[in-house]
Every structure is written in C-alpha cells, then in structure tokens.
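In what follows, a single structure is set out as structure tokens and then discussed.
All values reported here derive from a predicted model rather than from experimental measurement. Letters go in sequence order (proteins before strands), and every chain restarts at 1. Computation of the quantities below employed the complete heavy-atom set of this structure, encompassing side-chain atoms and omitting hydrogens, waters and symmetry-equivalent molecules.
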Amino acid sequence: MSILQELKRGIFAENPTFRLMLGMCPTLAVTTLAVNGVGMGLATTAVLLGSNLVVSALKNVIPNQVRIPSFIVIIATFVTVVSLLMEAFAYSLYEALGIFLPLIVVNCIILGRAEAYASKHSLGKSALDALGIGLGFTLSLTVLGAIREFLGAGTVFGLQVLSESADMATIFSLPPGAFITLGLMMALINGLTARRGKRSVARRNPAVAKREG
Amino acid sequence: MELFMIFFGAIFFNNFVLNRFLGICPFLGVSKRIETSVGMGMAVAFVMTLASVMTWLLQGLLLNPLGLGYLQTIVFILVIAALVQFVEMFMQKVSPTLHKALGVYLPLITTNCAILGIAILNIDYKYNLVETIVHSLGAAIGFTLALVMLAGIREKLEINDVPDAFAGVPIALITAGILALAFSGFVL
C-alpha cells in the first residue's frame, strides 16, 4: 500500500471519530474552540506515534500474556512526556486541555492501534498508521471545534467572523452543544456515505439498484 | 455542608458524563438496556470509590514525599488496572453471584476515563480523604443516573421510526445533548 493510501485510510475509511467512534471523551470535551481541537489532536498524534513505534519495535520482546499492561505503561510514558513538554512550551493550551491531557492514556484509539496494528506490523508501517489515524482524529476535532466556535461565539480560530453584536447560540459552546453537534455531524456523514454507496452500486449494477430502490 | 455540596455537585451540577464528558464510551456503549446499565453503574461505583482512595493514599504517602509528582499518570493507571484485576478475582472467590452480574463490565472499566479522571480531579482539587470518598460516590451515582436515564430513553427509541442516518449513535448523542441541557438547569 502506498504512503498516501495508508494516510488516507486513517483520515477517511477508518476515521477514529466518525467511523470507529473511539476517543469520544476528548472529542466532546475540548472542542469548544478550534484551537483546542488542533492542540488535542496533535498531542494525541504525538503519543500515538511514539507508542506505535515502541510497541512495533518491541513486538517480539513483549510476552503475549502481559502485553496489555506493557502497552499501557508505554503509552503512559509518552503521555507524561507530551504533557511535560506542553506545560513548558504551550502553557495556555496545557491549561485549556486540563485533565484531558493525562487522560490521553485511556483514549481507546491509542491502545486500540497498539493492539490491532503496531504489535503485528513493521516500524515504518506502524508510524504511517499512527500518522494517518492521528491526522484523522486531529481533522475531526478541528472541524467540530470550528463549527462549535462559529455557532457559539461567532469566531473561527479566534478570528471574528460575525459582528460582535450578533446574537450567538451560546449553547454550542456549552456541554449540551457538544453532544448535539457531534450527533448531527455523524448523521450527516452516515447519510452522505449511504447515498454514495447506493450510487456506486447503481454504477456497477443498475438492475440491483433499481430493485432496491 | 461542604460535603453535601461536593456530593450533590458531583451528581447534578458537574455530572460526570453530561457535564464533564468523562466515561462517554460506556455511556454510549452499554446504554441500550436498563438492566445492563444498572450493572455497569454499580461496577463503576465500586471501582471508582476504591480507586479514588487508593490513588489518594499513594499520592499523599508516596509520590508527594518523594517528589515524584510527574509519575502520577503512570502510577495511577497501573494502580487502577491492577485494582480492577484484583476486584475481579476477589469477587469471583467471595460472591460468584455478584461476579456474574458485574463481571462482564469489569475489564471495560480499566479504560473508562471516569476512573482515572476522578483520581486526578481529587488530587487537583486538594480534597482530603473524606471529601475524596464523598466526591467519588457522588460521581458514581451521577454516572449511573445519566446512564440509566439514557438507557430508558433508548429502549423507547428502538420501537420508534428513526431516520436511517440517525439510527444508533447519532440519535443517542442528540438525546444525551437534550439530557445535558436538562442537567445544566441545576446550575441556577
């Protein structure tokens, strides 16, 4: 599989948020602003890259029975490194992400990739997989953050889009708005995928499509 | 009074699921039936309280005196994983009925971010041991409450005609959003 295809798989076909529905807690919690979405996405990608590389490198060393605890320790180590780095170099983001930074440890995406992919594939492939899945996660968080920021505060990435006097739907910056926005986006993506699937069936086999109709 | 506020705050104003977004995976995953959601809630309540006490003691007696605060994440997650394993073995030995009822949910709890979340929050808020216990009990009750409410609604939703694109998780998320809206009314 080419590099581009590998990356595309993580962003579209196996998008962690909209397809696999993993890592929901940070997705809902930090996306009040687009910037926070980017920060959380990149932090998770960094941890994922580190853990995938180490797990892949050690795949023949770690005994099968204790692999899950070993993976968790590897992941927790990278989470600690990333959160210390963020505290030192991006303090405002560190404050904004708060408790969800240490909670990257229990993000199912990372343990899932270690178990399902990195422990069975080569170093290079695992790194690409981490980048693809991480970018997919970052992209989803950024889009969700941008939509909520726009609807809730009239800004996108801190830039004023609507006039300051406009009445904004503040609810989208609050917890209920997170659930509702994500639910609507998922339904939109489901709807689009279903329609696209139907069309590609129609192209390949018009008779079947007509019958199902 | 202080304890009262912490307890009810954790159940209503700062509901763990609907307001703090901790434990969303089991919230969406095991909320299809009321029975299973009650089971999950009990298992979480049990582990949450035990884990909070353990991690609080570790932080106070080991990490802080030795200046190892940066190891918090690693130590806590290991303690929680070990604790869950231990609780499972203990239950199997002492009360097979309880183990049968809660057993399937226990392995899932290790990666439930509500558990690690409350352990870290207790330290962040500088709670003492009693406050820690009260806070985790409240949080667990809040978690169970939200889970059972969503399960009740989803059981009804199943016999309704939901548009294809919304079936499953999307409609559950929107339902949760409306629940969260109701819970945010407690602030006033």
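- Atom SG in A:Cys25 sits 11.0 Å away from atom CZ in B:Phe16 (nearest 0.5 Å).
- Listed options A:Ala178, A:Ser83, A:Pro176, A:Ala76 were ranked by heavy-atom pairs under 4.5 angstrom with chain B; first place goes to A:Pro176.
- The environment of OH in A:Tyr117 is crowded: more than 12 heavy-atom neighbours from other residues, nucleotides or ligands sit within 6.0 Å.
- Distance check, rounded to the nearest 0.5 Å: CG of A:Leu174 to CG of B:Asn19 gives 9.0 Å.
- Of all the listed residues (A:Leu111, A:Leu84, A:Asn190, A:Asn107), the one sharing the greatest number of non-hydrogen pairs under 4.5 Å with chain B is A:Asn190.
- Under a cut-off of 6.0 angstrom, the local environment of NZ in A:Lys8 is sparse, with at most 12 non-hydrogen atoms contributed by other residues, nucleotides or ligands.
- Residue contact with chain B, scored on non-hydrogen atoms closer than 4.5 Å, involves the side chain of A:Ile171 exclusively.
- Between chain A and the residues B:Ala81, B:Cys25, B:Ala114, B:Gly117, the most heavy-atom pairs under 4.5 angstrom are made by B:Gly117.
- Of the listed residues (A:Pro26, A:Pro102, A:Gly191), the greatest number of heavy-atom pairs within a distance under 4.5 Å of chain B belongs to A:Pro102.
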> Between A:Phe179 and B:Phe21, is a ring pair (Phe, Tyr, Trp, His ring centres under 6.0 Å) present by the stated rule, with each step listed?
Replying inline: CA-CA 10 Å; A:Phe179 286 110; B:Phe21 304 113; 5.3 Å; yes
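- Contacts with chain A were tallied for B:Leu71, B:Leu179, B:Leu181; B:Leu181 has the most, counting heavy-atom pairs under 4.5 Å.
- Within residues 28-61 of chain B, the residues that have a heavy atom under 4.5 Å from a heavy atom of chain A are B:Leu28, listed by number.
- Of the two parts of A:Ala29, the backbone and the side chain both hold a non-hydrogen atom closer than 4.5 Å to a non-hydrogen atom of chain B.
- Within a 6.0 Å radius of CG in A:Asp167, other residues, nucleotides and ligands contribute 12 heavy atoms or fewer.
- Using a 4.5 Å cut-off between heavy atoms, A:Leu188 makes no contact with chain B at all.
- Counting all heavy atoms, side chain and backbone alike, A:Thr80 lies closest to B:Ile74 at OG1-CG1, 3.7 Å.
- Put simply, of B:Asp124, B:Leu22, B:Ile115, the one with the most heavy-atom pairs under 4.5 Å next to chain A is B:Leu22.
- Among the candidates A:Leu182, A:Thr27, A:Ile189, the residue making the largest number of heavy-atom pairs closer than 4.5 Å to chain B is A:Leu182.
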>> side chain to side chain contact (heavy atoms under 4.5 Å, CB included), that's the test. Do A:Ile180 and B:Leu173 meet it? Break it down for me.
In response: CA-CA 6 Å; A:Ile180 293 170; B:Leu173 277 170; over 6 Å; no
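- Rounded to the nearest 0.5 angstrom, A:Ile72 CD1 and B:Thr73 OG1 are separated by 13.0 Å.
- Proximity of A:Val106 to B:Ile77: side-chain heavy atoms (C-beta onward) are separated by under 4.5 Å at one or more points.
- In this structure, CZ on B:Arg20 lies 15.5 Å from CG on A:Leu28, to the nearest 0.5 angstrom.
- The most heavy-atom pairs under 4.5 Å with chain A, out of B:Asp164, B:Asn112, B:Val169, come from B:Val169.
- Note: B:Ala165 leads B:Ala172, B:Ala82, B:Ala165, B:Gly23 in heavy-atom pairs under 4.5 Å with chain A.
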